[in-house]
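Everything numeric here is computed off the predicted structure, so don't read it as measured data. Basis for what follows: all heavy atoms, side chains included, without hydrogens, waters or symmetry-related copies. Just so you know, ligand 1 is whichever comes first in the structure, and atom 1 is the first atom listed for that ligand.
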Amino acid sequence: MNKNIAIRRVRSVHRRAKPTDTRELGFGRYFSDHFFATEFDRTNGWNLTRIEPMRPLQIDAAAICLHYGQEVFEGLKAYRGKDNGIYLFRWRRNAARLRNSCSRLMMETVDEEFFGRAVKTLVLVDQDWIPNEPDCSLYIRPTIIATDPFLGVRAGDEYAFYIIVGPVGAYYPGGFNPIRIWVSDEDVRAVKGGLGEAKTAANYAHSLCAQQKATALGYSQVLWLDAIHHQWVEEVGTMNIFFRTKDEVITPPLAGTILPGVTRDSVITLCRHWGIPVQERPISIDEVIDRTASGELLECFGTGTAAVISPVGTLSYQGRETVINQHRTGELAQRLYDYLTRLQRGEEEDVFGWVERIDHQEIEELARWKE
Ligand SMILES: Cc1ncc(COP(=O)(O)O)c(C=O)c1O
């Protein structure tokens, strides 16, 4: 469909400042010299495909995305290996999820190969922005927005697909420590039939109110429960959630309200590969609290691209705190974190075919540069 589109490249003459100390990187604060962009209209399809110096976007103040929220995005990372290679992890999953999000929001989408070429060429152009330090990476944010200048609720006919990238630091500058979580029993993240499984801005805007309550009470993130019974565990902040008992691992099923995380799928596959049974089944907050009290629930952790694995040490529900595994990192969380972070940098045997080392020559050819 959009396989053969050439990517025009305009090199930036200005080099943006990079922090010299990677401890200052944080997350989402720095952006590289260039961005990828392409535009869609019904006559030309995707066109004006280019990589150009990072700059503010020019869109009409009446653009549909700004008023009615037709916007979807993705989040993935490029890693610098010890062998100096550049690695991507399961990017096809992000391409597929972007397509699903587009379909949910009635938006024009891009095919997998085009997505891959766009990501890889931009990463190559700005490869000196990939930090070398362990635990640091280049965060990649592909985004599609409806750009027609039109006030009225309808699906757009014009779209922009753009990708920005920026270096991000270690998610745990102070070490791999469990987090404190506040269980929201009033605000909900998503409802069946809603937008929960799409990666779209509305879900995140909607989460801010509960997040503010959690922060004010001294907790770092919100644990979301289902919208009807306020009982069934769904996600934690912007991560999927897992529990481990002596015999198995449990994670809520993908039933429309939960984002299908790439890390979630990787953790399920890895656990099964290691001989640890995984159940994708509804788990209630009462079960979590009761089985923690009885000593059956041994660990809890969140999974997501940003943190990879984030152990949960304390849950606050209706004013009472439940401490899991004495607020220490569990052995499975640590094992998964170590394995995945090494695999993502090409330091583990890639048994599942999840890791792609970017081949410079192939990409130069694929890009069909028009300088
Ligand atoms: C709401 C939500 N859930 C789960 C995840 C984890 O998904 P992934 O593992 O693909 O990063 C994310 C992050 O993208 C998220 O925003």
Side-chain angles (χ1 to χ4, degrees), residues 27-28 71-79 88-101 104-105 112 115 119 137-144 163-166 168 171 179 181 184 187-192 194-211 214 220-227 232-243 249 251-271 278 280 300-312 333 336-337 339-341 343-344 352 354-355:
F27 196 92
E71 184 265 11
V72 297
F73 66 98
E74 266 309 316
L76 65 161
K77 287 172 168 175
Y79 309 86
L88 292 175
F89 183 71
R90 305 194 77 184
W91 63 266
R92 287 178 196 278
R93 285 233 152 207
N94 297 93
R97 190 167 65 188
L98 187 72
R99 290 177 67 80
N100 290 341
S101 300
R104 179 65 185 82
L105 277 98
E112 189 182 279
F115 176 97
V119 165
S137 55
L138 188 76
Y139 185 73
I140 305 166
R141 169 54 60 88
T143 307
I144 305 183
I163 308 176
I164 52 177
V165 297
V168 294
Y171 204 80
I179 51 172
I181 296 296
S184 170
D187 299 284
V188 295
R189 178 182 171 274
V191 42
K192 272 210 169 99
L195 293 174
E197 67 186 346
K199 201 157 168 67
T200 183
N203 286 331
Y204 299 84
H206 178 72
S207 72
L208 295 175
C209 184
Q211 179 59 47
S220 67
Q221 293 197 33
V222 175
L223 180 88
W224 302 103
L225 300 178
D226 77 282
W232 304 103
V233 172
E234 301 226 310
E235 300 196 62
V236 57
T238 55
M239 292 183 287
N240 296 113
I241 192 161
F242 286 77
F243 302 93
V249 165
T251 192
L254 300 176
T257 52
I258 293 176
L259 192 82
V262 177
T263 324
R264 176 188 182 277
D265 185 80
S266 309
V267 163
I268 293 174
T269 309
L270 265 179
C271 285
V278 181
E280 293 180 70
C300 169
F301 53 87
T303 65
T305 297
V308 187
I309 304 291
S310 186
V312 173
L336 285 163
Y337 179 79
Y339 185 88
L340 282 169
T341 48
L343 179 67
Q344 287 165 340
F352 307 104
W354 285 347
V355 182

What is the closest protein heavy atom to [atom], and at what distance does it sit?
{"atom": "atom 16 (O) of ligand 1", "result": "Tyr204 OH, 2.5 Å"}
{"atom": "atom 7 (O) of ligand 1", "result": "Gly261 CA, 3.4 Å"}
{"atom": "atom 14 (O) of ligand 1", "result": "Lys199 NZ, 2.8 Å"}
{"atom": "atom 9 (O) of ligand 1", "result": "Thr263 OG1, 2.6 Å"}

With the threshold set at under 4.0 angstrom, would you say Arg93 reaches ligand 1 through any of its heavy atoms?
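Outside the 4.0 Å threshold, so no.
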Less than 4.0 Å is my threshold; does some heavy atom of Glu74 fall inside it relative to ligand 1?
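Outside the 4.0 Å threshold, so no.
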Under 3.5 Å: N/O of Gly237 near N/O of ligand 1
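In fact, backbone or side chain, Gly237 has no N or O that close.
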Salt bridge or not for Arg189 and Glu235, using N-O below 4.0 Å?
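Counted as a salt bridge, because a side-chain N and a carboxylate O are separated by less than 4.0 Å.
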Measuring from atom 5 (C) of ligand 1, which candidate in Val236, Ile241, Thr238, Thr305 has the nearest non-hydrogen atom?
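Residue with the shortest heavy-atom distance to the ligand atom: Thr238.
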Report the member of Glu234, Glu235, Arg264 with the shortest heavy-atom distance to atom 4 (C) of ligand 1.
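The option holding the nearest heavy atom is Glu235.
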Is there a donor-acceptor pair closer than 3.5 Å between any side-chain N or O of Asn94 and the backbone N or O of Leu76?
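Flag not set: sc Asn94 to bb Leu76 has no pair under 3.5 Å.
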May I ask you to decide if Leu223's main-chain N or O and Glu234's side chain share a donor-acceptor pair within less than 3.5 Å?
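No.
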Kindly give the heavy-atom pair with the smallest separation between Ser137 and Lys77, and that separation in Å.
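It is OG-CD, 3.2 Å.
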Using a 4.0 Å cut-off to any heavy atom of Gly304, which atoms of ligand 1 qualify?
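Those qualifying, in numeric order: 6 (C), 9 (O), 11 (O).
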So if I count the atoms of ligand 1 from 1 in the order they appear, which ones are less than 4.0 Å from some heavy atom of Arg189?
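Atoms satisfying the 4.0 Å criterion: 1 (C).
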Contact between [X] and [Y] at the side-chain level, heavy atoms closer than 4.5 Å - yes or no?
{"X": "Asn240", "Y": "Ile258", "result": "yes"}
{"X": "Ser266", "Y": "Phe89", "result": "yes"}
{"X": "Tyr204", "Y": "Lys199", "result": "yes"}

Report the residues that fulfil salt bridge (Lys or Arg N to Asp or Glu O under 4.0 Å) with Arg141, sequence neighbours left out, ordered by chain and then residue number.
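Listed in chain order: nothing, the list is empty.
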